[in-house]
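In listed order, ligands and their atoms are each counted from 1.
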Amino acid sequence: MLRPDALIAGGGPAGAAVALQLARAGRRPLLVDRQRERADPVCGGFMGGDAIASLAALGIDVQGLGAHPITRARIFAGRRVAEAPLPFQAAGLSRACLDEHLLTLAAAAGAGIERGVTIRQAFPDRLTVDLADGASLTGDALFLATGKHELRGAARPVAMGNDPALGLRTRLEPGEALLHGLTGVIELHLFRHGYAGLLLQEDGGANLCLSVAQSRLKAAGGDPARLIEEIACETPVLGDRFAGATSVGPWVSIARVPYGWRARQTTPGLFRLGDQAAVIASLAGDGVAIALASAARAARDYLREGPAGAVTYQPGFARQTARPVLLAESLRRTGERPMLAGALLALLGQAPGLITRAAALTRTDREEVASP
Ligand SMILES: Cc1cc2nc3c(=O)[nH]c(=O)nc-3n(C[C@H](O)[C@H](O)[C@H](O)COP(=O)(O)OP(=O)(O)OC[C@H]3O[C@@H](n4cnc5c(N)ncnc54)[C@H](O)[C@@H]3O)c2cc1C
C-alpha cells in the first residue's frame with residue numbers, strides 16, 4: 001500500500017490547485033484522476049474577477065493563456081434584454097486549457113499526478129481509497145475533489161427534488177455575426193426551468209452551457225438540439241445565436257446537479273474541496289473560484305494544523321460561501337420562472353446597475369495562497 005503525505009482524489013481545479021500548493025510547500029501529495037487527457041467538462045468557461053485573482057496568486061495569467069476578455073453581462077428573458085458592465089475584468093477560458101495548465105504546474109512543483117486511475121471506493125475513517133485495479137492508497141489526509149461525482153463510501157448527503165437540474169455543454173464554431181455579438185460579453189438566456197450561458201473562449205469557440213430541469217430534456221426526447229429549438233420559442237435570441245454557429249460540437253452532460261449544497265462538517269483528515277464543499281448556481285459562474293478558494297484555505301489549514309485542520313476548515317469554508325451560494329440560488333429560482341424573470345428583466349432594464357451589484361455579491365472571497 002502506497003503512503004503519500006496527502007492523497008488527493010480528483011484533478012479538476014480544486015484538486016490540482018491543492019496539489020500545487022502542498023507541493024510548493026515541500027510536501028509530497030499524490031493526486032489521482034480517472035481522466036487520461038483533460039476534456040472540457042460541463043462548465044460555462046466563465047472566469048470571474050475572483051477566479052482570475054486566485055489564479056494570478058498561483059502564478060497563472062489567464063490572458064497569457066489566451067482567455068477571451070469579458071467586461072459586460074447581457075441577460076435575455078423572452079423578448080426582453082438588459083445589459084450592464086461587470087464590476088471586474090472577467091474572461092472566457094476553456095476548462096481543458098485551465099485544468100491541464102494547473103496539473104502541469106502541480107507536477108512541475110513535485111506533486112505526484114496519476115492520470116487514468118479510477119477510484120472505486122473511499123474509506124474516510126481510514127483516509128484510504130480503493131482503486132479500480134484493486135490497489136489501495138492511504139494518505140495522512142484525504143482531499144476529496146471529485147467534483148459533482150460521488151465516491152462510494154463518501155457520497156455527499158444531498159437531498160434532491162423530484163426534477164433535479166442537469167448540465168449540458170457544447171462548443172459552437174461561431175460565424176461572423178455570432179463572433180461579433182459575443183465579443184467582450186457573457187450572455188445569459190433565461191427560460192422556463194433553466195438558463196443558458198454563452199461566451200467566447202481562448203480556442204476561438206463559443207461555449208454554450210445550459211442548466212435545465214431534467215424533465216425538459218426528457219420532453220425533448222433526450223436531444224439537446226431539439227431542446228434548444230423548443231427553448232428558442234421562449235427566448236428567440238438563443239435560437240438566433242445557435243443558428244449563427246457554423247458547426248456544433250458534441251454535447252456533454254451531467255445529471256443531478258446539487259445546487260446550494262455546502263459541506264458543513266467533516267472528520268479529522270477529510271477535506272472536501274470544490275463542488276464537494278459547495279455548489280453555487282452556475283448562473284453566477286463562480287464554481288471555479290470556489291474550487292480555488294477551497295484549495296487555498298484547505299492547504300493553509302492542513303499546513304498549519306496537519307490533518308486535524310479539516311475540522312476547522314470545513315465549517316469555516318461553509319460560512320465563507322454562504323452568501324454567494326444562497327444569493328445565486330435565489331437568483332436561479334427567480335430566473336427559471338418566466339413571469340418572475342420577465343419582471344426581473346423589466347427592473348434590470350430600468351436599473352442595469354443591479355446586474356453589476358448582483359455580479360459582485362455572488363463572488364467568493366479570495367483566500368491567500370498557502371505559504372510554506
Ligand atoms: C451547467 C454548469 C455551468 C457551469 N459554468 C461555470 C462557469 O461558467 N464558471 C465557473 O467558474 N464554474 C462553472 N460551473 C461550475 C464548475 O464547473 C465546477 O464548480 C468546477 O468544475 C468544480 O471543480 P472541482 O475541481 O471541484 O471538480 P471537477 O472540475 O468536476 O473535477 C473533478 C475531477 O475528479 C475526477 N474524478 C471524479 N470521480 C473520480 C473517480 N472516481 N476517480 C478518479 N477521479 C475522479 C474527474 O475526472 C475530474 O477531473 C458550472 C457548472 C455547471 C453544472
Side-chain angles (χ1 to χ4, degrees), residues 7-19 31-48 50-52 54-55 70 90-96 98-100 102-103 113-122 129-132 137 143-155 164-170 186 188 194-199 201 207-212 252-259 261 272-295 321 324-325 328 332 362-364:
L7 185 56
I8 302 165
V18 81
L31 179 154
V32 293
D33 195 290
R34 63 186 178 188
Q35 293 180 51
R36 257 180 220 295
E37 309 277 336
R38 294 315 292 178
D40 279 320
V42 176
C43 182
F46 178 77
M47 302 294 133
D50 46 357
I52 291 174
S54 291
L55 290 168
I70 294 177
L93 184 66
S94 74
R95 284 289 306 283
L98 174 65
D99 294 9
E100 184 59 47
L102 276 166
L103 285 170
I113 307 286
E114 294 288 337
R115 301 184 190 224
V117 176
T118 299
I119 299 169
R120 205 183 48 195
Q121 184 161 6
V129 295
D130 280 358
L131 306 179
L137 296 170
F143 292 82
L144 270 188
T146 53
K148 295 188 177 66
H149 310 275
E150 305 297 359
L151 269 189
R152 188 141 59 98
L166 60 82
L168 288 167
R169 179 207 170 261
T170 192
I186 173 158
L188 281 176
Y195 48 88
L198 188 57
L199 52 68
Q201 48 187 35
N207 187 335
L208 174 61
C209 198
L210 282 76
S211 166
V212 62
V252 286
S253 65
I254 179 118
R256 301 173 64 79
V257 181
Y259 289 127
W261 158 257
R272 287 187 190 266
L273 309 179
D275 280 351
Q276 286 287 315
V279 181
I280 191 164
S282 340
L283 172 94
D286 217 33
V288 170
I290 286 182
L292 297 170
S294 66
T321 48
V325 168
R332 178 177 85 90
T362 48
R363 295 310 102 186
T364 306

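Using a 4.5 Å heavy-atom threshold, the side chains of T362 and D286 count as separate. Using a 4.5 Å heavy-atom threshold, the side chains of L55 and L98 count as touching. Residues H149 and L151 are not in side-chain contact: their nearest non-hydrogen atoms beyond the backbone lie 4.5 Å or more apart. Residues T321 and I280 have side chains not in contact (no heavy-atom distance under 4.5 Å, counting atoms from C-beta outward). In this structure, the side chains of D33 and R115 stay at 4.5 Å or more apart for every pair of heavy atoms.
Close approach of ligand 1 to C209 is summarised as follows: ligand atoms under 4.0 Å from at least one heavy atom of the residue are 1 (C), 2 (C), 3 (C). Those atoms of ligand 1 that come under 4.0 Å of a heavy atom in G274, given as number and element, are 26 (O). Of all atoms in ligand 1, numbered sequentially from 1 with element shown, those under 4.0 Å from a heavy atom of G10 are 33 (C), 34 (O), 35 (C). For ligand 1, the atoms lying closer than 4.0 Å to a non-hydrogen atom of G285 are 7 (C), 9 (N), 10 (C), 11 (O). Close contacts of ligand 1 with Q35, meaning ligand atoms under 4.0 Å from a residue heavy atom, involve 46 (C), 47 (O), 48 (C), 49 (O). Residue V288 approaches ligand 1 through these ligand atoms, each under 4.0 Å from one of its heavy atoms: 10 (C), 11 (O), 12 (N). Annotation for ligand 1: atoms under 4.0 Å from non-hydrogen atoms of L151 are 41 (N). Shown in contact with V117 at under 4.0 Å from a heavy atom are these atoms of ligand 1, numbered in order with element: 43 (C).
Of all heavy-atom pairs spanning A291 and P13, the tightest one is CB-CB, 4.1 Å. Summarising the geometry of F46 relative to I186, their closest heavy-atom pair is CD1-CD1, 3.6 Å, with the distance given to 0.1 Å. Scanning all heavy atoms of the two residues, the minimum distance from C43 to R169 falls at O-CD, 3.7 Å. Considering every non-hydrogen atom in both A281 and Y259, the closest pair reads CA-CD2, 3.4 Å. Here the closest non-hydrogen pair linking L144 and A154 is CD1-CB, 3.7 Å. Nearest heavy-atom pair, A328 versus A284, reported as atom, atom and distance to 0.1 Å: CB-CB, 3.9 Å.
A donor-acceptor pair under 3.5 Å is absent between the side-chain atoms of T118 and the main chain of R34, judged by distance alone.
Ligand 1 has no atom lying under 4.0 Å from any heavy atom of I290. The shortest separation from a heavy atom of A51 to ligand 1 is not under 4.0 Å, leaving the residue out of contact. Contact analysis puts G45 in contact with ligand 1, with a non-hydrogen atom separation below 4.0 angstrom. Not a single heavy atom of R169 lies less than 4.0 angstrom from ligand 1. Within the 4.0 Å heavy-atom shell around ligand 1 one finds P13. A heavy-atom separation below 4.0 Å is found between R95 and ligand 1. By the 4.0 Å heavy-atom criterion, V279 is excluded from the residues contacting ligand 1.
Protein heavy atom at the shortest distance from atom 31 (O) of ligand 1 is G12 CA, 3.4 Å. Among all protein heavy atoms, the one lying closest to atom 12 (N) of ligand 1 is G287 N, 3.3 Å. In terms of protein heavy atoms, atom 8 (O) of ligand 1 is closest to F46 N, 3.0 Å. For atom 43 (C) of ligand 1, the closest heavy atom belonging to the protein is R34 N, 3.3 Å. Among protein heavy atoms, atom 42 (N) of ligand 1 sits closest to I119 N, 2.9 Å. Nearest to atom 25 (O) of ligand 1 among the protein's heavy atoms is A14 N, 3.0 Å. What sits closest to atom 49 (O) of ligand 1 on the protein, heavy atoms only, is D33 OD2, 2.6 Å. In this structure, atom 2 (C) of ligand 1 lies nearest to the protein heavy atom S282 OG, 3.3 Å.
Of all the heavy atoms of P41, none lies under 4.0 Å from any atom of ligand 1, so neither backbone nor side chain is involved. When heavy-atom distances to ligand 1 are checked against a 4.0 Å cut-off, D99 has no atom that comes that close, whether in backbone or side chain. Of the heavy atoms in Q201, none comes closer than 4.0 Å to ligand 1.
The CD1 atom of I52 sits 8.5 Å away from atom CE of M47, with the distance rounded to the nearest 0.5 Å. Separating the CD atom in E150 from the CG atom in D275 is a distance of 10.0 Å, to the nearest 0.5 Å.
Residue nearest to atom 22 (C) of ligand 1, selected from D275, T118, V42, L31: D275 (by heavy-atom distance). The heavy atom nearest to atom 7 (C) of ligand 1, considering only G44, G147, A122, is found in G44.
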(request) Could you walk me through whether D40 and V252 pass side chain to side chain contact (heavy atoms under 4.5 Å, CB included), step by step? (result) CA-CA 8 Å; D40 279 320; V252 286; over 6 Å; no

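L166 pairs with exactly one of L210, V42, I254, V212 by the side chain to side chain contact (heavy atoms under 4.5 Å, CB included) rule, that one being V212.
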